[in-house]
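Worksheet: one structure, shown below.
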Amino acid sequence: MSLRVEGLAKRFGRVSALAGVSLAAAPGEFLALLGPSGSGKTTLLRILAGLETPDAGAVQFEGRDFLTMSPRERRVGLVFQHYALFRHMTVASNIAFGLSVRPGRPPRAEIAARVERLLSLVRLEGFGGRYPAQLSGGQQQRVALARALAIEPRMLLLDEPFGALDARVRTELRLWLREVHDATGVTTIFVTHDQEEAMDLADRVAVLNAGRIEQVGAPAVLAEAPASAFVFDFLGDSNRLPCRVEAGEARFDGWSAPTAGAGEGPNMAWFRPHETLLAREGPGAPVHISGVLAKSAVVRVECRGDDGTAFEADFPKGAPEAGFAVGDTARLRAQRVFVFPEGTPT
């Protein structure tokens, strides 16, 4: 492994930001740290960058003890959410800054050539003479990445780099960032709270919750085999319904669905809106339609059970189920459910 983190712990006063985090990344891997605010992902990134010191644990990178090295010795590229560009410098000077202040500064011609290569890589040819104020937010973020890559880092750390951008620009830069990663091959650690961003970009995703890692795996593994109710719920919209597990099935009033991994007896079933079924009659939990929202490709039907529990169901436009109206009654069940062992975090 290129990066190995073992038993990392960090407290800020009474708050435990990291509680025994262990993690590894392969050379050239794109690893996303995903979790809600306060889950510890940025603290972990700052420790890797040398901006925080852990209370316990070890970090090895390329076989060396990272924690005994200064931030400069680590040769890590760091990209922040808010760019942190020097407003009084041109784009070219911003990109060249890390090279110009490092020991063993390359010759001026070599720096200029490297800046031009990076401008091409981030699709900003001809922008070297401009100032940050003359660029869009997406262009400024590209400059920030080029500056981080200028020192030829052994590891690239990105802390919510698209958080300050609008949705359309984030989507465009997401695809572009993956292209840049594949072109450079640098080990990349990417912090985000955006589930779609992590699942689209990363080779693997580490889901953090309250300073601990809930699960690490490829996006498809997390989607198809979530390890806990927290992971399932955090990775997308979800519905919940009490059930009883018997003989590998989650059993409800008048219907059942296969499941695995949970003990026998009373439990809670989790399922996605796109795997939720609605019918005007037949087996299923009785619900009342409370809202119908037409989205880009689907119709979302919002409903409530007799006890007030809210559910959401997604159907393709034109499907019979999309024809429900507010005030209708229906029967709700699911194509597939997940039931997690008792005691898994929610």
Side-chain angles (χ1 to χ4, degrees), residues 2-3 25 27-33 41-42 44-52 59 61-62 66 69-87 89-106 110-125 127-128 130-132 135-165 169-170 172-192 197 201-202:
S2 178
L3 171 69
E29 184 175 20
F30 195 121
L31 176 67
L33 305 180
K41 54 190 187 298
T42 294
L44 175 54
L45 197 80
R46 288 176 62 84
I47 289 173
L48 296 179
L51 303 178
E52 298 285 355
V59 178
F61 184 67
E62 296 178 345
F66 230 35
M69 301 167 64
S70 70
R72 178 173 290 181
E73 290 175 313
R74 297 183 192 196
R75 217 173 85 200
V76 165
L78 183 58
V79 180
F80 298 98
Q81 176 177 340
H82 295 291
Y83 324 135
L85 300 178
F86 298 112
R87 315 300 291 182
M89 291 184 179
T90 64
V91 166
S93 296
N94 265 283
I95 295 173
F97 179 78
L99 293 170
S100 63
V101 298
R102 295 180 69 84
R105 168 179 169 166
E110 182 180 331
I111 292 177
R114 192 179 302 182
V115 168
E116 286 302 315
R117 288 197 301 271
L118 287 165
L119 284 170
S120 177
L121 180 67
V122 300
R123 302 177 188 170
L124 288 175
E125 300 95 328
F127 283 71
R130 298 193 187 184
Y131 288 86
L135 306 179
S136 69
Q139 290 170 334
Q140 290 184 53
Q141 194 57 281
R142 293 188 199 185
V143 175
L145 180 61
R147 183 176 61 184
L149 291 172
I151 62 170
E152 298 181 338
R154 296 196 296 263
M155 182 164 56
L156 182 63
L157 306 176
L158 303 107
D159 189 7
E160 305 264 13
F162 307 143
L165 304 173
V169 175
R170 283 203 307 269
E172 292 175 357
L173 290 186
R174 189 185 304 166
L175 299 174
W176 164 81
L177 177 60
R178 183 68 216 204
E179 291 176 4
V180 171
H181 170 267
D182 292 342
T184 60
V186 63
T187 302
T188 300
I189 313 297
F190 179 87
V191 162
T192 182
E197 202 164 75
L201 271 172

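In this chain, residues are counted from 1 in sequence order.
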Compare all side-chain heavy atoms of [X] with those of [Y] and state whether any distance is below 4.5 angstrom.
X: Val143; Y: Leu119; result: no
X: Arg142; Y: Trp176; result: yes
X: Leu177; Y: Phe162; result: yes
X: Gln141; Y: Val79; result: yes
X: Val180; Y: Leu149; result: yes
X: Leu3; Y: Leu48; result: yes
X: Lys41; Y: Glu160; result: yes

Give the minimum heavy-atom separation between [X] and [Y], together with the two atoms involved.
X: Ser120; Y: Glu125; value: OG-OE2, 3.4 Å
X: Ala96; Y: Val115; value: CB-CG2, 3.8 Å
X: Leu135; Y: Arg130; value: CD2-CD, 4.1 Å
X: Arg87; Y: Tyr131; value: O-CD2, 3.7 Å
X: Leu118; Y: Ala146; value: CD1-O, 3.5 Å
X: Pro132; Y: Asn94; value: CG-ND2, 3.9 Å

Under the side-chain hydrogen bond (donor to acceptor under 3.5 Å, both in side chains) test, which residues partner [X], sequence neighbours left out?
X: Thr188; result: none
X: Arg74; result: none
X: Glu110; result: Arg114
X: Glu116; result: none

**Report entry** Residue list, ring pair (Phe, Tyr, Trp, His ring centres under 6.0 Å) with Phe86, at least two apart or on another chain
**Finding:**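 Result, ring pair (Phe, Tyr, Trp, His ring centres under 6.0 Å) vs Phe86: Phe97.
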Requested in this report: Just jot down the ring pair (Phe, Tyr, Trp, His ring centres under 6.0 Å) partners of Phe127, sequence neighbours excluded, or say none.
Outcome: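 For Phe127 there are no ring pair (Phe, Tyr, Trp, His ring centres under 6.0 Å) partners, ignoring immediate neighbours.
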Query raised in the report: Between Ile189 and Leu44, does a side-chain contact (heavy atoms from CB on, under 4.5 Å) hold up when you go through it step by step?
Result: CA-CA 10 Å; Ile189 313 297; Leu44 175 54; over 6 Å; no
Requested in this report: Could you note down all residue pairs passing salt bridge (charged side-chain N to carboxylate O under 4.0 Å, His left out) where residues 181-190 supplies at least one of them, sequence neighbours left out?
Outcome: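 The answer is Arg178-Asp182.
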Give, for atom [atom1] of [X] and atom [atom2] of [Y], the distance between the pair rounded to the nearest 0.5 Å.
X: Leu145; Y: Leu78; atom1: CG; atom2: CG; value: 11.5 Å
X: Met155; Y: Phe66; atom1: CE; atom2: CZ; value: 4.0 Å
X: Leu173; Y: Glu197; atom1: CG; atom2: CD; value: 9.5 Å
X: Asp159; Y: Leu51; atom1: CG; atom2: CG; value: 10.0 Å
X: Thr42; Y: Leu157; atom1: OG1; atom2: CG; value: 11.0 Å
X: Thr192; Y: Leu201; atom1: OG1; atom2: CG; value: 8.5 Å

Requested in this report: Please name all residues satisfying side chain to side chain contact (heavy atoms under 4.5 Å, CB included) with Ser70, sequence neighbours left out, ordered by chain then number.
Outcome: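 Testing Ser70 for side chain to side chain contact (heavy atoms under 4.5 Å, CB included), a comparison that skips the adjacent residues, returns Arg72, Glu73.
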**Report entry** Set of residues satisfying side chain to side chain contact (heavy atoms under 4.5 Å, CB included) with respect to Ala84, sequence neighbours excluded
**Finding:**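 Testing Ala84 for side chain to side chain contact (heavy atoms under 4.5 Å, CB included), a comparison that skips the adjacent residues, returns Phe80, Arg147.
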**Report entry** Salt-bridge criterion met for Glu62 and Arg75 (N-O under 4.0 Å)
**Finding:**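 Arg75 and Glu62: not salt-bridged.
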Query - Counterpart residues, salt bridge (Lys or Arg N to Asp or Glu O under 4.0 Å), relative to Glu52 (two or more places apart) - result: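 Residues passing salt bridge (Lys or Arg N to Asp or Glu O under 4.0 Å) with Glu52: Arg46.
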